[in-house]
Amino acid sequence: MKPRLRFAPSPTGYLHIGGARTALFNWLYARRHGGTFVLRIEDTDQERSTPESLQAILDGLTWLGIDWDEGPGKGGGHGPYFQMKKLGRYTELAEQLIATGWAYRDYSTEAELSDARKAFAAEKGLKDGDDLRSAGFKFTSPWRDKTEQLDRPALIRFKMPKRDGRFGFDDLVLNRIEKPYDDFDDFVILRSDGVPLYNFGCVVDDHDMAISHVARGQEHINSTFPQLMLYEAFGWTPPQFAHIPLIFAQDNSKLSKRKHPEADVMRHKGNGILPNALINFIARLGWSHGNEELFTRDELIAKFDFEHVGKSQGVWNPSKLVATNKHWIKTTEPLQVAMQLLPFLQAAGAPDAVVDAKLELGVKAFAERSASLVEMAEKLRNYYSHGITIDGAAAAKHLTPEGKVLLGKARDEFAKLTEWTTAAIDPLMKTVAEANATKPGAVAQPVRVAATGGTESPGIGVTLELLGREETFHRIDAALR
RNA sequence: GGCCCUGUCGUCUAGUGGCCUAGGACGGAGCCCUCUCACGGCUUAAACCCGGGUUCGAAUCCCGGCAGGGUCACCA
């Protein structure tokens, strides 16, 4: 049996880093075992769900290269993949549960629930604002054992069996987890407007979609128990669960959309992080493979397993993300990098830049000196402008009278060149230096400052090749003036 | 508060009873390479939460503490 896994976001905001990692783990497992990866949209929270959020999530997954076999835009034989499109199915199954004695209609009003809370508070001597849950409040509906039907809306509750002892499941990362039966109230499965609640919709869909493995955040551990009861009530076999640890921000609080901008996947795109670098980084945050740190997408697919997913929460480490990004900028095909770099370069002030031999050369020259595409674009833009503003301190240090003499001599050598390449230009630093009894650096720095306006750049050869013969002479002549 | 999960360098982690005088990576410090900046190479500081057991032997198993986290909605 080929495994079927899913990612089931609710479209209530952008794609969160934690969600992305959950999606990634499910996707990796499916890909590794030749299974199917399903994308399901849990849009039953009509208050918060928006089309924009849905699009943002789709965009985020697409950018990361996490593709789905079934779901929005793909179809598939287990749809609908939007929960709001299968309301009838939930109603039908909820009725089935009532018929089999596993659920009941609850006509309690908000007022009655509120009265119950107040009565509990009074009995315990609690003040306003005290947390009722902490004090052990449980709501027992008076409708639990009634079968009469009233002519007003009712919600449907699952009837937790009164049993002693404990129940649980074998988690793929946490191993055995159990809880006492009496830990659970009769939970709502269908709201009075006919829309299912999370636990119910989730179980129905995972069953309908023949999901075999569910990897999700550890915040879902406790909801696994009511879900297990639902599986029992329906006589269905539950999937295998893998609860993965949460991601925390550097301030040691849960990575949240509100407080932590880095929680937004697309923000990293804007920051010039390569999708493969982000994938590598979040995969390693919570999963390991011996001492290995760097993985291509294919290596991840070949090596991922739930056994090596850690049990404890991880902290977001921006500097390691940057280091990972540096690595992939250096090792990815220059052409690939160039294509992703282009929009950044255009935005940085080189609107006419295109993906061509020059840009590829630029990527090669700057791959080792850029932490991100943003940084690379920033450095490369000067190679796309006509003329350059020379930094004052750099000029003062290197465009001295002596420096200008050497710059002039270098210019003379450049003028003799029949081909304008790195290999042809580089040796000239030494040539000029030896002819003038000095070091190559004494020649290279004035050239560098004249050509780039600053004291830092790749080797003189590539730098000038990148600039082009004409622009190089233009800038040198301007500096010599 | 009840229940549940977790606890190795600052951070991510390797480690599944002897290979551990605890390894790697990021970050830090230093050195080398060098036409600048980088890259790279080398060196270095830095951790098994605490206390009891079990065992010839424990980071690894058990118990207790402590700490961190999750969850207890007609949200997901």
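Residue numbers start from 1 in every chain, and the chains themselves are labelled A, B, ... in the order their sequence lines are given, proteins ahead of strands. Note that this is a predicted model, so its numbers are computed, not measured.
The CG-C1' distance, from A:Asp45 to B:C75, rounds to 5 Å in whole Å. When the C1' atom of B:U36 is taken as reference, atom CD1 of A:Ile390 falls 15 Å away, rounded to whole Å. Here the P atom of nucleotide B:C74 and the CD atom of A:Gln46 are 16 Å apart, to the nearest Å. Here B:C75 presents its P atom at 12 Å from CE of A:Met84, a figure rounded to the nearest Å. Atom NZ of A:Lys320 is separated from atom P of B:G10 by 15 Å (rounded to the nearest Å). Rounded to whole angstrom, the span from the CD atom of A:Gln445 across to the P atom of B:A38 amounts to 12 Å. Rounded to a whole Å, the CG atom of A:Leu399 is 14 Å from the C1' atom of B:U36. Look at CZ on A:Arg369: it is 11 Å from P on B:U36, rounded to the nearest Å.
Of the candidate nucleotides B:A76, B:G70, B:G27, B:G70 has the atom nearest to the side chain of A:Glu219. Candidate nucleotides B:A76, B:C4, B:C26 were compared by shortest atom distance to the side chain of A:Ala323, and B:C26 ranks first. For A:Ser10, the side-chain atoms get nearest to B:A76 when compared with the rest of B:C4, B:C5, B:A76. Of the listed nucleotides (B:A38, B:G70, B:C12), B:A38 has the atom at the smallest distance from the side chain of A:Glu368. Of the candidates B:A76, B:C35, B:G2, B:C35 carries the atom nearest the A:Asp426 side chain, counting heavy atoms from C-beta on. Side-chain proximity of A:Pro440 to B:C3, B:C74, B:C35: nearest is B:C35. Nearest nucleotide to the A:Glu307 side chain, out of B:C74, B:C3, B:U16: B:U16. When distances run from any side-chain atom of A:Leu155 to the nucleotides B:G70, B:C74, B:A76, the shortest one goes to B:C74. Comparing B:C3, B:G10, B:C5 by their nearest atom to the side chain of A:Asn317 picks out B:G10. The side chain of A:Phe248 sits closest to B:G69 out of B:C35, B:C4, B:G69.
A salt bridge links A:Lys86 to A:Asp208: one of the charged nitrogens lies within less than 4.0 Å of a carboxylate oxygen. Note on A:Arg48 versus A:Asp45: salt bridge recorded, some NZ/NE/NH1/NH2 to OD/OE distance being below 4.0 Å. Taking 4.0 Å as the cut-off between side-chain N and carboxylate O, A:Glu292 and A:Lys303 count as a salt-bridged pair.
Every residue meeting the ring pair (Phe, Tyr, Trp, His ring centres under 6.0 Å) condition with A:Tyr107, not counting sequence neighbours, appears here in chain and number order: A:Trp143.
In a base pair of the Watson-Crick type (N1 to N3 plus N6-O4 or O6-N4) or a G-U wobble (N1-O2 and O6-N3), with each distance short of 3.5 Å, B:C35 is matched with no nucleotide. Checking B:A22 for Watson-Crick or G-U wobble geometry (two distances, each under 3.5 Å) identifies no partner in any strand. Base pairing of B:U55: no nucleotide in any strand meets the Watson-Crick or G-U wobble criterion (both distances under 3.5 Å). Applying the Watson-Crick and G-U wobble criteria (two distances, each under 3.5 Å), B:G27 pairs with nothing in any strand. Pairing for B:C9 is absent, judged as Watson-Crick or G-U wobble with the two contacts each under 3.5 Å.
A side-chain contact (heavy atoms from CB on, under 4.5 Å) with A:Ser49 is found for one member of A:Thr44, A:Asp43, A:Leu54 and no other, namely A:Asp43.
The backbone N or O of A:Gly453 sits nowhere less than 3.5 Å from a side-chain atom of A:Asp391 that would complete a donor-acceptor pair.
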Under 3.5 Å, which N/O atoms of the protein pair with N/O atoms of nucleotides 13-15 of chain B?
{"residue": "B:U13", "atom": "OP1", "partner": "A:Gly286", "partner atom": "N", "Å": "2.9"}
{"residue": "B:U13", "atom": "O3'", "partner": "A:Ser288", "partner atom": "OG", "Å": "3.2"}
{"residue": "B:A14", "atom": "OP1", "partner": "A:Ser288", "partner atom": "OG", "Å": "2.8"}

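Of the residues in residues 249-265 of chain A, those lying under 4.0 Å from RNA chain B by heavy-atom distance are A:Lys254.
Scanning atom types as modelled, no donor and acceptor separated by under 3.5 angstrom connect the side chain of A:Lys311 and the base of B:C5.
With ring centers used as reference points, A:Tyr383 lies under 6.0 Å from A:Phe366. Remark: aromatic rings of A:Phe306 and A:Phe304 are close, center separation under 6.0 Å. Taking the six-membered ring for Trp and the full ring otherwise, the centers of A:Phe225 and A:Tyr181 sit at least 6.0 Å from each other.
The same atom, C1', is picked in B:G1 and in B:A47; the two are 34 Å apart, to the nearest Å. Using C1' as the reference atom, B:C12 and B:A46 are 15 Å apart when rounded to the nearest Å. B:A22 and B:C48: their C1' atoms are spaced 8 Å apart (whole Å).
The residue A:Ser319 sits close only to the backbone: its heavy atoms come under 4.0 Å of sugar-phosphate atoms, none of a base. In this structure, A:Thr44 reaches the sugar-phosphate backbone alone: every heavy-atom distance under 4.0 Å involves primed, P, OP1 or OP2 atoms, never a base. At a threshold of 4.0 angstrom between heavy atoms, the contacts of A:Leu246 are confined to the sugar-phosphate backbone, with no base atom among them.
One finds a side-chain N or O of A:Arg191 lying less than 4.0 angstrom from the OP1 or OP2 phosphate oxygen of B:C75. Close to B:C5, at under 4.0 Å from its OP1 or OP2, lies no side-chain N or O of A:Arg176. Side-chain N/O atoms of A:Lys330 include one lying less than 4.0 angstrom from OP1 or OP2 on B:G40. Close to B:A76, at under 4.0 Å from its OP1 or OP2, lies no side-chain N or O of A:Thr12.
A perpendicular orientation is assigned to the rings of A:Trp316 and A:Phe281, their planes being inclined by more than 60° (bins at 30° and 60°).
Under the 6.0 Å distance and 45° angle rule, A:Lys179 does not count as a cation-pi partner of A:Phe167.
Contact detail for A:Gly403 and A:Pro446: the closest heavy-atom pair is O-CB, 3.7 Å.
If you find the closest nucleotide of RNA chain B to A:Ser223 and to A:Ser457, the one lying nearer the 5' end belongs to A:Ser457.
No side-chain heavy atom of A:Lys330 sits under 4.5 Å from any side-chain heavy atom of A:Arg369.
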